[in-house]
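The next block holds one structure in the form of structure tokens; read it before the comments.
Treat the numbers as computed from the prediction; the structure is a model and nothing was measured. Below, chains carry the letters A, B, ... as their sequence lines are ordered, and counting in each starts from 1.
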Amino acid sequence: MFAFPPSRPPLPEELVAKIRPVSLAGDRRVALAAPWSALLPEMSLRRGSTLVVAGAPGTGSLTLALGLLAGATAAGSWGAVVGIDNPGVVAMADLGVDLAHTLLVPRPRGLWAQVVGDLIDGIDVIVLRPPGRVPPRLARRVADRVRERGAVLVPVVDAGGWPVPPDLALGITEARWRGTSRLESRAMTLQLTGRGGVRPRARTVEMPDRHGRLRGAPWSD
Amino acid sequence: MERLIGVWVEELSVESVDGTTLRVAQRLLEALSVLCPFTELVRLGLYVLPARGPSRFFGGEERVRALLASTVREITGHEPRLGAGDGLFVAELAARAGVVVAPGASDDYRRRQPLAVLGRPDLAATGRRLGLVTVGDFADLDPARVAERFPAAVGPLHRLARGERAEAPGQRDARLAARLARLTRAPQRDEQRGFFGQRGAAEERAHAAALRVRRRLGDDAVVVAGLRAGRVPQDRAVLVPWGSLAAPAGSDAAAPWPGHLRPPAPAVVFAHPVEIDLVDATARPVRVDGRGRWSAAPVAVILAPGVRRAVVWSAGPWPSVERWWVAPRRRAHAQVVLEGGEALLVAAESRRWWLAGVYD
């Protein structure tokens with residue numbers, strides 16, 4: 001049936017060690033599929049970083065975070081959603097989330113920090129809505145573990161709800177629904193801030209648009 | 001009821017996408033069948049065999065369990081949990097807990113279990129309210145009363161609790177045997193995993209992460225989502241515990257129905273809708289009439305007693321009659337935008353309003 005043996009002989013171990021790079025540059029980032037990549041300064045998520053999505057409840061912070069998850073899972077990464085008790089699965093699918101590569105932990109109870117710790121070794125992007133106020137020490141500890149392990153943490157909080165300065169923050173400053181005979185789309189003003197030379201900037205996007213996705217021009221300088 | 005030895009291999013209870021689990025499960029089944037030809041793979045992760053024959057042959061049940069454990073370790077590299085008890089249901093409980101129930105003590109063991117082991121969280125919750133804590137408490141209810149007060153699906157569980165049934169509904173995976181048979185015919189395609197097998201490795205790591213969370217929070221803590229056919233978002237979502245074989249439906253079965261609610265869909269959808277009120281300018285409840293029109297324009301929504309939010313915009317209502325296999329279901333959906341800018345999906349059913357979702 002086979003013209004040659006289907007299993008190839010194993011490569012010598014020293015050779016494998018030599019030809020495998022210690023860490024690929026691309027490996028240190030989580031790729032984002034379009035159009036989500038346009039939301040971030042370097043078109044992708046840096047591994048080990050925390051990206052806070054902040055906005056008043058009900059103004060689209062959850063959609064924005066799930067959108068980033070869509071961008072990552074559509075590009076082949078694994079994602080997790082922790083602490084969202086009633087996820088809108090249809091909205092997730094419309095945004096482009098690859099449901100087959102997404103784990104949901106709807107009710108982590110008081111153990112969300114431990115659950116994030118359990119996930120960061122195998123999951124690339126973790127969307128987290130912490131229940132209630134987050135103690136600064138706990139936030140710092142979780143962010144440190146994430147940095148160590150190379151995952152990306154996306155806490156979804158009210159404005160100012162993440163008590164330590166994150167690497168990046170996308171804040172929703174204004175959200176307005178447009179509708180005719182039904183809800184059509186939501187115009188959302190996003191404010192990007194961050195550490196390490198990230199220039200603060202603002203833009204307006206449509207999210208969700210009438211197809212449940214993201215629409216908007218790149219960051220204007 | 002026949003005494004069974006149960007072998008629980010947690011790592012094999014979760015199916016990997018690339019089919020590794022299934023292949024290892026099959027190999028283990030073949031190995032265990034050498035010890036006892038009546039070994040059965042009930043579900044991924046759970047093997048059972050009759051206790052009596054092998055015990056006589058190998059010189060005692062304890063000796064059989066030691067052989068089983070070493071075989072599992074050798075084939076899979078995982079540490080199994082072993083248990084024994086009468087009937088499939090008790091055998092699984094015992095195996096998962098790693099308990100060998102003494103001959104004749106299975107009734108007592110089953111009755112001591114918390115009600116949740118019957119696998120119906122709603123029953124467990126109802127039971128708690130009624131002061132039924134254990135399976136035994138539930139078993140002591142009069143069967144006639146149970147048939148009268150509970151849904152029909154609870155009947156078999158009650159017989160299970162009473163020890164009149166050996167196995168729980170759905171305990172066996174009916175499709176597994178056919179899938180294993182197909183597996184032995186299909187050529188193995190490990191080569192397709194990619195150079196250095198990176199893809200397989202990422203998958204393995206994700207599965208290990210899910211398993212860690214499940215160990216910490218319980219079997220149902222990690223969930224995967226899928227879509228099925230339906231008209232409104234709350235009907236289309238399928239959420240199943242991660243690792244269960246009832247995989248979310250595929251894309252062909254997931255198409256929305258004609259007349260479905262078009263996107264955008266709410267980012268928050270309540271599995272159990274929350275009762276709310278919609279009121280008009282005179283503070284009277286808004287209704288949807290027989291022709292699918294508002295009785296009056298809604299001006300406020302009352303989310304909870306005392307929590308009143310003004311409505312600045314509304315769309316709908318969109319009435320629908322769905323002839324399910326039960327009685328026809330009449331519903332109407334509407335969208336409202338509140339003063340603060342939040343948008344909600346609301347549904348009218350049985351002359352009440354429900355909060356179905358939030359466009360967060």
Side-chain angles (χ1 to χ4, degrees), chain A residues 1 6-7 16 20 56-63 66 76-78 80 84-95 97 99-109 111 114-115 118-124 174-177 179-186 208-213, chain B residues 17 187-188 190-191 196 199 202-213 215-217 221-227 230 232-234 236-239 242 248 254 256 261-272 313 315-316 318 335 337-338 340-345 357-360:
Chain A
M1 184 172 178
S7 59
V16 172
R20 181 187 294 143
T59 57
S61 48
L62 185 55
T63 302
L66 292 175
S77 291
W78 278 81
I84 313 288
D85 200 356
N86 293 289
V89 180
V90 176
M92 286 170 76
D94 287 346
L95 285 166
V97 174
L99 296 172
H101 286 89
T102 302
L103 303 177
L104 309 172
V105 186
R107 284 173 290 274
R109 307 200 300 267
L111 301 171
Q114 287 89 330
V115 169
D118 286 338
L119 290 170
I120 50 182
D121 265 334
I123 303 296
D124 305 295
E174 205 191 329
R176 189 181 299 274
W177 279 97
T180 48
S181 59
R182 63 181 180 100
L183 288 178
E184 291 273 348
S185 63
R186 174 171 51 196
D209 69 1
R210 55 200 303 272
H211 306 291
R213 296 188 58 95
Chain B
V17 178
Q188 302 208 347
D190 292 56
E191 265 74 20
F196 285 135
R199 200 179 154 67
E203 190 121 13
E204 290 293 312
R205 285 168 56 233
H207 281 230
L211 207 54
R212 283 194 291 274
V213 176
R215 286 219 186 92
R216 187 184 292 284
L217 296 177
V222 185
V223 170
V224 286
L227 292 179
V232 288
Q234 62 270 39
R236 293 189 58 204
V238 189
L239 293 167
W242 172 81
L261 219 55
R262 277 183 293 162
V268 172
V269 172
F270 296 98
H272 303 286
W313 182 89
W318 302 288
Q335 294 167 326
V337 175
L338 307 182
E342 305 100 315
L344 311 177
L345 177 66
V358 179
Y359 294 86
D360 191 355

*What part of L239(B) lies closer than 4.5 angstrom to a heavy atom of chain A: side chain, backbone, both or neither?*
side chain
*With only heavy atoms counted, which part of D94(A) is less than 4.5 Å from chain B, the side chain, the backbone, both or neither?*
side chain
_When L66(A), V115(A), L183(A) are compared by non-hydrogen pairs under 4.5 Å with chain B, the top option_ = L183(A)
*Please report the shortest heavy-atom distance between G122(A) and W78(A), naming the atom on each side.*
O-CB, 4.3 Å
_Residues V89(A), V238(B); criterion side-chain contact (heavy atoms from CB on, under 4.5 Å); working and verdict_ = CA-CA 8 Å; V89(A) 180; V238(B) 189; over 6 Å; no
*Of all of R215(B), E342(B), Q335(B), which one pairs up most often with chain A through heavy atoms under 4.5 Å apart?*
Q335(B)
_Just so I understand: if I count every heavy-atom pair under 4.5 Å between each of A208(B), G341(B), G357(B), P266(B) and chain A, which residue has the most?_
P266(B)
*Please lay out, stage by stage, how V269(B) and N86(A) fare under the test side-chain contact (heavy atoms from CB on, under 4.5 Å).*
CA-CA 5 Å; V269(B) 172; N86(A) 293 289; 5.7 Å; no
*Contact leader toward chain A among H207(B), Q234(B), H272(B), R262(B), where contacts are heavy-atom pairs under 4.5 Å*: R262(B)
*asked:* Taking the side chain as everything from C-beta on, heavy atoms only, tell me whether M92(A) gets closer than 4.5 Å to I84(A).
replied: no
*Carboxylate-amine/guanidinium proximity below 4.0 Å for R107(A) and D85(A)*: yes
*asked:* Which atoms of S61(A) are under 4.5 Å from chain B, going by heavy atoms: the side chain, the backbone, both sets, or neither?
replied: both
*Would you mind checking which part of R213(A) comes under 4.5 Å of any heavy atom in chain B, side chain (CB onward), backbone (N, CA, C, O), both or neither?*
neither
*Please confirm whether the backbone N or O of A315(B) pairs with a side-chain atom of R182(A), one donor and one acceptor, at under 3.5 Å?*
no
*May I ask you to name which of I120(A), D118(A), V90(A) has the most heavy-atom pairs under 4.5 Å with chain B?*
D118(A)
*Please state whether the side chain, the backbone, both or neither of T180(A) comes within less than 4.5 Å of a heavy atom of chain B.*
backbone
*Among the options H211(A), R176(A), Q114(A), pick out the one with the most heavy-atom pairs lying under 4.5 Å from chain B.*
Q114(A)
*Between D124(A), V97(A), L119(A), which shows the greatest number of heavy-atom pairs under 4.5 Å with chain B?*
L119(A)
*Find the one option among A80(A), A93(A), P87(A), A175(A) whose heavy-atom pairs under 4.5 Å with chain B are most numerous.*
P87(A)
*Which atoms form the tightest heavy-atom contact between P233(B) and L261(B), and what is the distance?*
CD-CD2, 3.9 Å
*Stepwise side-chain contact (heavy atoms from CB on, under 4.5 Å) check, V105(A) with R216(B)*: CA-CA 12 Å; V105(A) 186; R216(B) 187 184 292 284; over 6 Å; no
*Could you give me the CA-CA distance, side-chain angles and deciding distance for V224(B) and L103(A), then say whether side-chain contact (heavy atoms from CB on, under 4.5 Å) is met?*
CA-CA 5 Å; V224(B) 286; L103(A) 303 177; 4.1 Å; yes
*Measure distances from V337(B) to the heavy atoms of chain A and classify the residue's part below 4.5 Å as side chain, backbone, both or neither.*
side chain
*Quick one: does R186(A)'s side chain have a donor or acceptor within less than 3.5 Å of a partner on Y359(B)'s backbone?*
yes
*Part of T63(A) lying under 4.5 Å from any heavy atom of chain B*: both
*Quick one: which of W318(B), W313(B), F270(B) has the most heavy-atom pairs under 4.5 Å with chain A, could you say?*
W313(B)
*Looking at P57(A), A100(A), P208(A), A91(A), which makes the most heavy-atom pairs under 4.5 Å with chain B?*
A91(A)
_Using 0.5 Å steps for rounding, measure from the CG atom of L217(B) to the CG atom of L111(A)._
6.0 Å
